Amino acid sequence: MAVVAGSYEKFIWGFSLKNLNPIFSYPSHTSPIKCAAAAGPLAASGGSDDAVHIYHLPSSSDAGSLLDHSAAVTALSFFCSPLAPAVPRNLISGSDDGVVCIYDADPFVLLKTVKAHKRGGVADLAVHPSGRLALTVGRGDSSLVMVNLVRGRRSFSCRIEKEASIVKYGESGDWFVIVQDGRVSVHNSEDAKALQEIDCGKRVLCLAPGEGGLIYTGGEDRQVSAWDTKSSKQTFCIQDAHQNRVKGLVSFKGLEYSNLIASASSDGVVKVWDIRTASSTDKWAPVAEVNTKSRLTCLAGTSLRCEYIISFFEFGNEVV
């Protein structure tokens with residue numbers, strides 16, 4: 001159970017989920033870190049140095065680097081089979097030149113490179129719970145692209161009204177959301193038909209899908225808000241959750257931790273919240289808080305117990 005944060009100062013930070021005690025921190029990249037992902041015993045970070053770094057959380061060690069991108073790595077996502085949710089099967093990465101790389105996660109071997117966006121970079125990507133496809137939104141070309149992960153090719157592309165910065169699938173995979181400035185639109189996964197539209201007011205910088213059709217948003221309003229995607233209504237709001245912009249959100253899964261969410265702000269503060277205390281009148285207090293004194297850019301986390309997993313990663317030629 002860990003929370004991983006990346007910073008503009010090239011540092012990667014690892015904390016235990018329960019109390020945010022530090023697990024590790026060191027300058028893993030040679031340029032600012034732009035994105036992070038975590039699943040089971042693994043975490044990954046992507047940076048402006050065109051590299052992806054892999055971390056083994058139980059041993060708090062760097063497990064190697066992937067150097068297949070030729071531009072800044074802007075998006076990362078692990079895929080875990082529903083039959084083995086604590087064991088990552090694939091890692092999907094996107095970069096500023098529009099390329100999506102598909103990796104096997106044990107061992108880390110590059111399976112396929114797909115040019116998802118021809119006239120722009122990958123702003124964000126989301127892997128369907130089936131692991132068969134991924135959605136990407138482009139920076140510079142205002143497009144939504146579907147990538148067939150089985151065949152390793154681009155299968156669908158369409159222009160969207162306004163350039164999007166975030167795309168995420170819901171827990172079931174039946175719907176996905178797109179973020180365009182302060183607006184979040186909910187779409188049906190089968191035909192991309194718009195189902196709901198949520199006006200968050202100010203620009204949304206991060207989003208995390210939760211359970212029961214909820215999504216959590218954070219951004220320039222310095223709040224953490226929960227929204228019902230079925231009604232587009234706000235469920236609760238943690239006002240003044242941070243003193244600066246919220247740059248990262250994680251919603252945790254599992255019976256023991258499904259009530260927890262973590263948030264990170266641009267001034268270096270990471271907080272863990274218990275949503276069971278949600279109330280419009282009560283003053284929110286985080287259950288744990290830590291200040292990295294860095295300019296944080298992204299946040300990832302995993303609540304699945306991975307101490308029992310013993311894994312020796314044998315890296316292929318694509319990893320150094």
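Since we're looking at a predicted model, the values are computed, not measured. Quick note: numbers below take in every heavy atom, side chains included, and nothing from hydrogens, waters or symmetry partners.
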>> One pair to check against side chain to side chain contact (heavy atoms under 4.5 Å, CB included): L91 and I54. What are the steps and the verdict?
In response: CA-CA 10 Å; L91 173 66; I54 310 297; 3.8 Å; yes
> Taking it one step at a time, do L133 and Y169 satisfy side chain to side chain contact (heavy atoms under 4.5 Å, CB included)?
Replying inline: CA-CA 11 Å; L133 58 91; Y169 271 108; 2.9 Å; yes
> Can you check ring-ring contact (aromatic ring centres under 6.0 Å, His included) on W273 and F236, steps first, answer last?
Replying inline: CA-CA 13 Å; W273 309 89; F236 64 82; 9.9 Å; no
> Hey, mind stepping through S81 and V87 against side chain to side chain contact (heavy atoms under 4.5 Å, CB included) and telling me if it holds?
Replying inline: CA-CA 8 Å; S81 168; V87 182; over 6 Å; no
>> Please evaluate residues S45 and H29 with respect to the criterion side chain to side chain donor-acceptor pair (under 3.5 Å), reporting the C-alpha separation (whole Å), side-chain torsions for both, the decisive distance (0.1 Å), and the verdict.
In response: CA-CA 9 Å; S45 62; H29 290 261; 2.7 Å; yes
> Would F15 and T292 count as a side chain to side chain contact (heavy atoms under 4.5 Å, CB included) if you check the C-alpha gap in whole Å, the side-chain angles of each, and the deciding distance to 0.1 Å?
Replying inline: CA-CA 11 Å; F15 303 98; T292 65; 3.6 Å; yes
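Taken together through direct or relayed side-chain contacts under 4.5 Å among Ile, Leu, Val, Met, Phe, Trp and Tyr, L76 and I92 form parts of separate hydrophobic clusters. Y103 and L149 fall into different hydrophobic clusters, defined by Ile, Leu, Val, Met, Phe, Trp and Tyr side-chain heavy atoms under 4.5 Å apart, directly or through other members. Using a 4.5 Å cut-off between side-chain heavy atoms of Ile, Leu, Val, Met, Phe, Trp and Tyr, with links allowed through other members, V287 and L20 fall into the same hydrophobic cluster. Residues L111 and F108 do not share a hydrophobic cluster, defined by chaining ILVMFWY side chains whose heavy atoms lie under 4.5 Å apart. Clustering ILVMFWY residues whenever any of their side-chain heavy atoms sit less than 4.5 angstrom apart, transitively, puts I12 in the very cluster that holds I23.
Using the six-membered ring where Trp is involved, H187 and F176 have ring planes that are parallel, under 30° apart on the 30 and 60° scheme.
Under a cut-off of 6.0 angstrom, the local environment of OH in Y8 is sparse, with at most 12 non-hydrogen atoms contributed by other residues, nucleotides or ligands. Within 6.0 Å of atom CZ in R89, 12 or fewer heavy atoms from other residues, nucleotides or ligands are found, so the atom counts as exposed in its surroundings.
For the pair K115 (side chain) and D97 (backbone), a donor-acceptor distance under 3.5 Å is present. Remark: side-chain polar atoms of S25 are not paired, donor with acceptor, to backbone N or O of W13 under 3.5 angstrom. With R154 contributing its side chain and A116 its backbone, the two residues share a donor-acceptor pair below 3.5 Å. The closest donor-acceptor contact from the side chain of R159 to the backbone of D141 lies under 3.5 Å. At distances below 3.5 Å, not a single donor-acceptor pair connects side-chain atoms of K271 with backbone N or O atoms of H242. Side-chain N or O atoms of D49 include one that pairs as donor or acceptor with a backbone N or O of T30 at under 3.5 Å. The main-chain N or O of L214 is never found under 3.5 Å from a side-chain atom of D228 such that the two would form a donor-acceptor pair. Within the 3.5 Å criterion, the main-chain N or O of A123 finds no donor-acceptor partner in the side chain of T74. Without hydrogens or angle criteria, Q239 side chain to Q223 main chain gives no donor-acceptor distance under 3.5 Å. Distance alone, capped at 3.5 Å, places no donor-acceptor pair between the H117 side chain and the G98 backbone.
Between D181 atom CG and E220 atom CD the span is 9.0 Å, to the nearest 0.5 Å. In this structure, the separation between NE2 on H128 and CG on D174 is 7.0 Å, given to the nearest 0.5 Å. Remark: S77 OG to N90 CG distance equals 10.0 Å, nearest 0.5 Å. One distance of note links CD1 of I178 with NZ of K168; it measures 12.5 Å at 0.5 Å rounding. To the nearest 0.5 Å, the span separating OG on S225 from CD1 on I215 amounts to 10.0 Å. With rounding to the nearest 0.5 angstrom, the CG atom of L17 is 9.0 Å from the OG1 atom of T302.
Looking at every heavy atom in both residues, S266 comes nearest to N244 through OG-CB, 3.4 Å. Closest approach of S95 to H69, counting heavy atoms only: OG-ND1, 2.9 Å. When all heavy atoms of D274 and W284 are compared, the closest pair comes out as O-CZ3, 3.5 Å. G212 and E171 make their closest contact through N-OE1, 4.1 Å (heavy atoms, listed as atom of the first residue, atom of the second, distance). Residue P88 comes nearest to P41 through the heavy atom pair CD-CD, 3.9 Å, listed as atom of the first residue, atom of the second, then distance. Residues A2 and L57 share a closest heavy-atom pair of CB-CD1, 4.1 Å.
Side chains of L42 and H56 form a contact here, defined as non-hydrogen atoms less than 4.5 Å apart. You'll find the side chain of L135 stays beyond 4.5 Å of the side chain of V137, heavy atoms only. Within the 4.5 Å cutoff, side-chain heavy atoms of S28 are placed close to those of I33. Two residues are said to be in side-chain contact when any heavy atoms from C-beta on lie closer than 4.5 Å; V3 and F252 meet this criterion. Proximity of T113 to L110: side-chain heavy atoms (C-beta onward) are separated by under 4.5 Å at one or more points. Annotation: side chain of K230 is not in contact with side chain of Q196 (no heavy-atom distance under 4.5 Å). Inter-residue side-chain proximity for V184 and C200 is flagged as met; some heavy-atom pair is nearer than 4.5 Å. Counting only heavy atoms from C-beta outward, the side chains of V246 and L205 never approach each other to under 4.5 Å.
Note on K253 versus E211: no salt bridge recorded, every NZ/NE/NH1/NH2 to OD/OE distance being 4.0 Å or above.
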